[in-house]
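Reading through the structure tokens given below for one structure.
Keep in mind that what you see is a predicted model, and the values were worked out from it rather than measured. One-based numbering along the sequence shown.
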Amino acid sequence: MKKKVIAFDLDGTLSISKSQASDRMIELLNGLLEKYKVCVISGGKLTQFEMQILAGLKSSGDNLENLHLMPTCGTRYYVYQPDDKRWHQVYAEDFTKEQKDKIFEALDKGLDETKLRPEPGKHWGELIEDRGSQITLSVLGQQAPVEAKDAWDPEDVKKYKLRDAIAKNIPEFEVRAGGLTSIDVTKLGIDKAYGMNKLMEILGLKKEDILFFGDKMHEGGNDYPVKAMGIDSIAVRDWQETAAAIETILMVT
């Protein structure tokens, strides 16, 4: 069966973490948008999507209608409206103030319990970011350079230790290891599988209609829920592997 949607994680899959996608990747995404619906789902905010991929896309309004954006692990969903040339929010699973306060407290407590809080002056930007429908802890700060993030926890030991310490204090929320140094918190039961289910519901699709690419496809990784729900998924090591796969798709379809 020919796929109708090609879906992607963002950081590590379409681009280097929190970095603008390469010209090669942008060209390939433009090619995909001429033939398929394309979904990008990530823990980042919409502003990250704008910086990393939207700024470079040269697609016409018609092709941008084929692009579906799911920031904050699918807790928000945006589609393009060609009439007024803007992105329209379809839904948002936002926290209440009381929920946010409890999550912030648990994140701070987890940093202290695991002794993973960075020393003053040894991180880049705020550690905890309120993304409305997701709260994200970035241990080295929201603007940490990729080199520092790569070196912090190459075996993913510290990150999962921190995740477990936080999760035990807020069992009513979903707590996941996100990017290289980040922990994402959403409402319970919300992960990338939730986002894919919402996409299928809204577009009238089946699992067999979607092909998903991600760099954290191992069990416990934030891309794993998509694979576990039965969607055909391809694990990649970096954006270059994704680019090579897209080139193959475009050649044979």
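The distance from atom CD1 of I26 to atom CD of Q52, rounded to the nearest 0.5 Å, is 10.0 Å. Taking CD1 of I16 as the reference point, atom CE of M25 lies at 11.0 Å (rounded to 0.5 Å). We find the NZ-NZ distance between K115 and K158 to be 14.5 Å, quoted to the nearest 0.5 Å. A distance of 11.0 Å separates CD1 in I53 from CD in Q48, rounded to the nearest 0.5 Å. F212 contributes atom CZ, which lies 6.5 Å from atom OG1 of T13 (distance to the nearest 0.5 angstrom). Separation of atoms NZ (K2) and CG (L211) is listed at 13.0 Å; rounding is to 0.5 Å.
A salt bridge links D130 to K100: one of the charged nitrogens lies within less than 4.0 Å of a carboxylate oxygen. Look at E219 and K227 and you find no salt bridge, because none of the NZ, NE, NH1 or NH2 atoms lies under 4.0 Å from a carboxylate O. Between E172 and K102, at least one side-chain N (NZ, or NE/NH1/NH2) sits under 4.0 Å from a carboxylate O, which counts as a salt bridge. Taking the charged nitrogens against the carboxylate oxygens, K159 and D156 do have a contact shorter than 4.0 Å, which makes a salt bridge. Under the 4.0 Å criterion applied to side-chain N and carboxylate O atoms, K207 and D232 are not assigned as salt-bridge partners. Between R117 and D112 there is a salt bridge, with a side-chain nitrogen of the basic residue lying less than 4.0 Å from a carboxylate oxygen of the acidic one. Between K168 and D164, no side-chain nitrogen of the basic residue sits less than 4.0 Å from a carboxylate oxygen of the acidic one, so the salt-bridge criterion is not met.
Looking only at side-chain heavy atoms (C-beta outward), N169 and E105 stay at 4.5 Å or farther from each other. Within the 4.5 Å cutoff, no side-chain heavy atoms of E65 are placed close to those of V79. A heavy-atom distance below 4.5 Å is found between the side chains of L32 and F8. Taking 4.5 Å as the limit, every side-chain heavy atom of L203 sits out of range of all side-chain heavy atoms of M200. Inter-residue side-chain proximity for T186 and R176 is flagged as met; some heavy-atom pair is nearer than 4.5 Å. Between F49 and S42, the closest side-chain pair of non-hydrogen atoms falls below 4.5 Å. L54 places a side-chain heavy atom less than 4.5 Å from the side chain of L69.
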### Task
Evaluate the salt bridge (Lys or Arg N to Asp or Glu O under 4.0 Å) criterion for residues E129 and K45: first the C-alpha distance (whole Å), next the side-chain angles of each, then the deciding distance (0.1 Å), finally the verdict.
CA-CA 10 Å; E129 184 177 25; K45 298 188 298 183; 2.8 Å; yes
### Task
Run the numbers on V5 and V38 for side chain to side chain contact (heavy atoms under 4.5 Å, CB included), then give the verdict.
CA-CA 6 Å; V5 175; V38 174; over 6 Å; no
### Message
As a quick check of understanding, evaluate side chain to side chain donor-acceptor pair (under 3.5 Å) for T253 and Y36, giving each step before the final call.
### Response
CA-CA 10 Å; T253 58; Y36 298 91; 3.1 Å; yes
#### Entry: side chain to side chain donor-acceptor pair (under 3.5 Å) evaluation trace for K18 with Q142
CA-CA 9 Å; K18 290 190 176 180; Q142 299 293 328; 3.1 Å; yes
### Task
In sequence, state the C-alpha distance, the side-chain angles, and the governing distance for T72 and S133, and then conclude on side chain to side chain donor-acceptor pair (under 3.5 Å).
CA-CA 7 Å; T72 52; S133 52; 3.1 Å; yes
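Side chain of S138 to main chain of S182: no donor-acceptor pair is present (N/O by atom type, distance under 3.5 Å, no hydrogens or angles). D209 places no side-chain N or O within donor-acceptor distance of the main-chain N or O of L205, the cut-off being under 3.5 Å.
Using cut-offs of 30° and 60° on the angle between ring planes, the pair Y77 and H68 is parallel.
Residue W124 is found in a hydrophobic cluster whose other members, listed by chain and number, are F95, I103, F104, L107, L111, L116, L127, I128, I135, L137, V139, L140, W152, L162, I166, I170, F173, V175, I183, V185; membership requires side-chain heavy atoms under 4.5 Å apart, directly or through intermediates. Members clustered with Y224: none, using a 4.5 Å side-chain heavy-atom cutoff among hydrophobic residues.
The number of heavy atoms from other shown groups lying within 6.0 Å of CD (Q89) is above 12. Atom CG of D84 has more than 12 neighbouring heavy atoms from other residues, nucleotides or ligands inside a 6.0 Å radius. When the shell of 6.0 Å around CZ of R86 is examined, it contains more than 12 heavy atoms from other residues, nucleotides or ligands. In the displayed structure, E27 atom CD is contacted under 6.0 Å by at most 12 heavy atoms of other residues, nucleotides or ligands. Within 6.0 Å of atom NZ in K4, 12 or fewer heavy atoms from other residues, nucleotides or ligands are found, so the atom counts as exposed in its surroundings. Taking a 6.0 Å sphere around NZ of K35, one finds it holds more than 12 heavy atoms contributed by other residues, nucleotides or ligands. A 6.0 Å sphere centred on NZ of K198 holds more than 12 heavy atoms belonging to other residues, nucleotides or ligands. Annotation: E126, atom CD; neighbour count of heavy atoms from other residues, nucleotides and ligands within 6.0 Å does not exceed 12.
Linking ILVMFWY residues whenever their side-chain heavy atoms come closer than 4.5 Å, directly or via other members, leaves I231 and L10 in distinct clusters. Using a 4.5 Å cut-off between side-chain heavy atoms of Ile, Leu, Val, Met, Phe, Trp and Tyr, with links allowed through other members, L67 and Y91 fall into different hydrophobic clusters. A chain of hydrophobic side-chain contacts below 4.5 Å, direct or via other Ile, Leu, Val, Met, Phe, Trp or Tyr residues, connects V146 to V236.
Across all their heavy atoms, P171 and L188 have their closest contact at O-CD1, 3.8 Å. G195 approaches M70 most closely through the heavy-atom pair O-CE, 3.1 Å.
For the residue pair K149 / S17, a side-chain donor-acceptor distance below 3.5 Å is found, with atom types taken as modelled. No donor-acceptor contact under 3.5 angstrom links the side chains of Y194 and E174, judged on distance only.
Checked options R131, R163, Q134; the residue passing with D184 is Q134 (criterion: side chain to side chain donor-acceptor pair (under 3.5 Å)). For the side chain to side chain contact (heavy atoms under 4.5 Å, CB included) test with K216, the passing option among D11, D9, D223 is D223; the others fail.
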